[in-house]
Protein chains: 2
Amino acid sequence: MRMDPRKQNILLAIITDYIATAEPVGSRTIARKYRLGISPATIRNEMADLEEMGYIEQPHTSAGRIPSERGYRYYVDYLMKRQELTPEEEELVRQSYHQKVRDVGEVIQRTGQLLSQLTQYAAVVLPPKAAASCFKHIQLVQMGAEQAMLVAIMDSGAVHHRIIDIPSGITAADLEAISAVLNAKLQGRPMESIRLTLIKEIYFELSKQRRILELVMELLHDTLVRGSENRVYLTGLLNILNQPEFRHVEKVKTLLSILEQEDLLGNLLASDVGKEGVTVRIGREISCQQMSECSMVVATYSFKGRPLGTLGVLGPTRMDYAKVVTVVECLTKNLSQALERILG
Amino acid sequence: MRMDPRKQNILLAIITDYIATAEPVGSRTIARKYRLGISPATIRNEMADLEEMGYIEQPHTSAGRIPSERGYRYYVDYLMKRQELTPEEEELVRQSYHQKVRDVGEVIQRTGQLLSQLTQYAAVVLPPKAAASCFKHIQLVQMGAEQAMLVAIMDSGAVHHRIIDIPSGITAADLEAISAVLNAKLQGRPMESIRLTLIKEIYFELSKQRRILELVMELLHDTLVRGSENRVYLTGLLNILNQPEFRHVEKVKTLLSILEQEDLLGNLLASDVGKEGVTVRIGREISCQQMSECSMVVATYSFKGRPLGTLGVLGPTRMDYAKVVTVVECLTKNLSQALERILG
DNA sequence: CTTAGCACTCAACAGGTGAGAGTGCTAACA
DNA sequence: TGTTAGCACTCTCACCTGTTGAGTGCTAAG
């Protein structure tokens, strides 16, 4: 059996209606609402075909049809017309990005808020990956007798800090000296480079303060490998509870149990860093069992052409893809531009 | 009517049972389970008295009794026996605080996780208040052509950072010079002091770089007044969904809508900073309408005897106060000690 | 190929019923 | 006077049942 324009129209109608109402849609409804010029009976025949082809399914015998994952996929790939933002929404976006910005985290957070506000689903934003950014400045500051604070400022605008133990007897001047050497060697270098021969260079120059240096290197490496960059900005949990698919607490629980595992969510997003354009993952296309009834729409934002992180929207499979895709695309651009503006 | 020991025992039994089962408890149940040596009929009489006194109430005519807010209050104040941690739980706490700590935020976060894990309710932790802490180090770093990053390291272990616009023409050396002056003047001073005459002093010394100085002062002030310190660490949302009072999504929604307003939650906690010991707020004692069906147990943690912030547990009024109070007290101590250890 | 008509299916809802838990009251008892 | 057994009463909840309505598939006519 092949897809023909009439089948396409019917599938489009079914999906559109289901996205709007969350109710299984019957042949009658389509005939009445979507004026395709054919009778319910004909539509029924076509629907039987569409079901056989796997695009729609029936929750039970005497109910209407709902789109299957395959149906949504077909819709997203071939049928969907993007739905532009309303003037009010555009205005909201413009305003949000023209407020005074205080740091990168704030822009990212604000983007998350916008995402969830505009789509009414949950939003996730993965901040710039630390490993890919370069050192701008490194500073060691004495805290207690045997503690020092290590602060690393990256060119992505991220600031990493951590407390380290230092051997007693190290003076503020020593720390200053070490900071100076670290700065000289690491400034402008990507975080990844600290694994390399660089380390030896520094060791040589600072053979006296070996112990503390080891700690610093360990910390920097730590930040690189599993550092705070796996933090995820999550907004709009409340929105998602308004979706009828989360009427039952059980569903909410399974969803929340996923979202509480930041690392899992982080990896999910991280796997899409660098991809061109907007990616749509529907249901089980998300490689995560418990999220099989959700969809994600994600895109990568960048700075100076370099992909930095990803942002996305998370909602039920019955998601308003037409709108969400537009919003995600729009905000990806805006975020990239904002970063350009902030970081020069 | 006066409270006598028998009434107390019955009230204690009712509350204990209701906390355990979340079901209205009847006279029969008490007679069977709690062996007070009196018959259901007698218990009924006493219950009628307790109801008249306002300690318990009936959801409907033919149901058992449930404690009223006043009943919980009496319980917490006079009847409750604290429930010590099990050896396993103590071990868990010990382990958590003996892991290697990387910064203050991390200890705080871990404390939140422990709180929610041990109590099975939601946990909130208010990080150290910025205004009360002293500057340890200030650093300005050039980012783009017209942007600089301002980093302030506080003695509480907090690191504040923000991006500011700078007039073009400012060199890295200029920034370095400004940093030096700021450090000289502000080091060891509490954040609050920047409002004072200090500002004039610095202005005098740096009259050349007026523009950028204004920005820096503005930022510092900003951080003081409404800065990131109102961030709240929130954990264990998932736990709270297991409580039967949140079986219906509506309840979850109202709760979440509160918890999403970080500032509101922050203020709620902030109002208790500095109070001695553990504070229990039951139902409408929390000055927040929509949280009238919840209780909070909070305490203040400190560093060098100075109160820094608060931590607490949020759950339904039917909360296991005996356990929660112990846990909160225990973790307050542990957190204070951990900070002592980290910050020297 | 399309469509009207019809019999059939099934979820959802409303109304009715019985069981069970719990109460308050009363009268008997220590 | 305080305690207790007994009893009638109330109310929720779970269960059943019949009804309604939406929707289908099939068939036969257009």
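We name chains A, B, ... by the order of the sequence lines, and we start the count at 1 in each one. These numbers were taken from a predicted model, which means no experiment stands behind them.
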Would one find a side-chain N or O of B:Thr42 under 4.0 angstrom from OP1 or OP2 of D:dT3? no
Could you tell me if the side chain of A:Val298 sits less than 4.5 Å from the side chain of A:Leu269, heavy atoms only? yes
Nearest whole angstrom, please: distance from the C1' of C:dT2 to the CG of A:Asn45. 9 Å
Nearest whole Å is fine: how far is D:dC26 P from A:Glu46 CD? 15 Å
Under 4.5 Å between any side-chain heavy atoms of A:Met296 and A:Asp272, yes or no? no
Could you state the CD1-P distance from B:Ile56 to C:dG24, rounded to the nearest angstrom? 9 Å
CZ/B:Arg44 to CZ/B:Arg28 distance, rounded to the nearest 0.5 angstrom? 9.5 Å
Scan A:Lys251, A:Arg318, A:Arg284 and name whichever one has a salt bridge (Lys or Arg N to Asp or Glu O under 4.0 Å) with A:Glu293. A:Lys251
Does anything in residues 15-22 of chain B reach DNA chain C, meaning a heavy atom under 4.0 Å, and if so which residues? none
Just wondering, do A:Tyr321 and A:Ile15 contact through their side chains at under 4.5 Å, heavy atoms? no
Please report the distance, rounded to the nearest Å, between CD1 in A:Ile10 and C1' in D:dT24. 15 Å
Between protein and nucleotides 13-23 of chain D, map the contacts as a letter string: B base, S sugar-phosphate only, - none, heavy atoms under 4.0 Å, written 5' to 3'. ---------BS
With a 4.5 Å limit on heavy-atom distance, are the side chains of A:Thr119 and A:Asp320 in contact? no
B:Asp4 CG to D:dT3 P, in whole Å, measures 9 Å
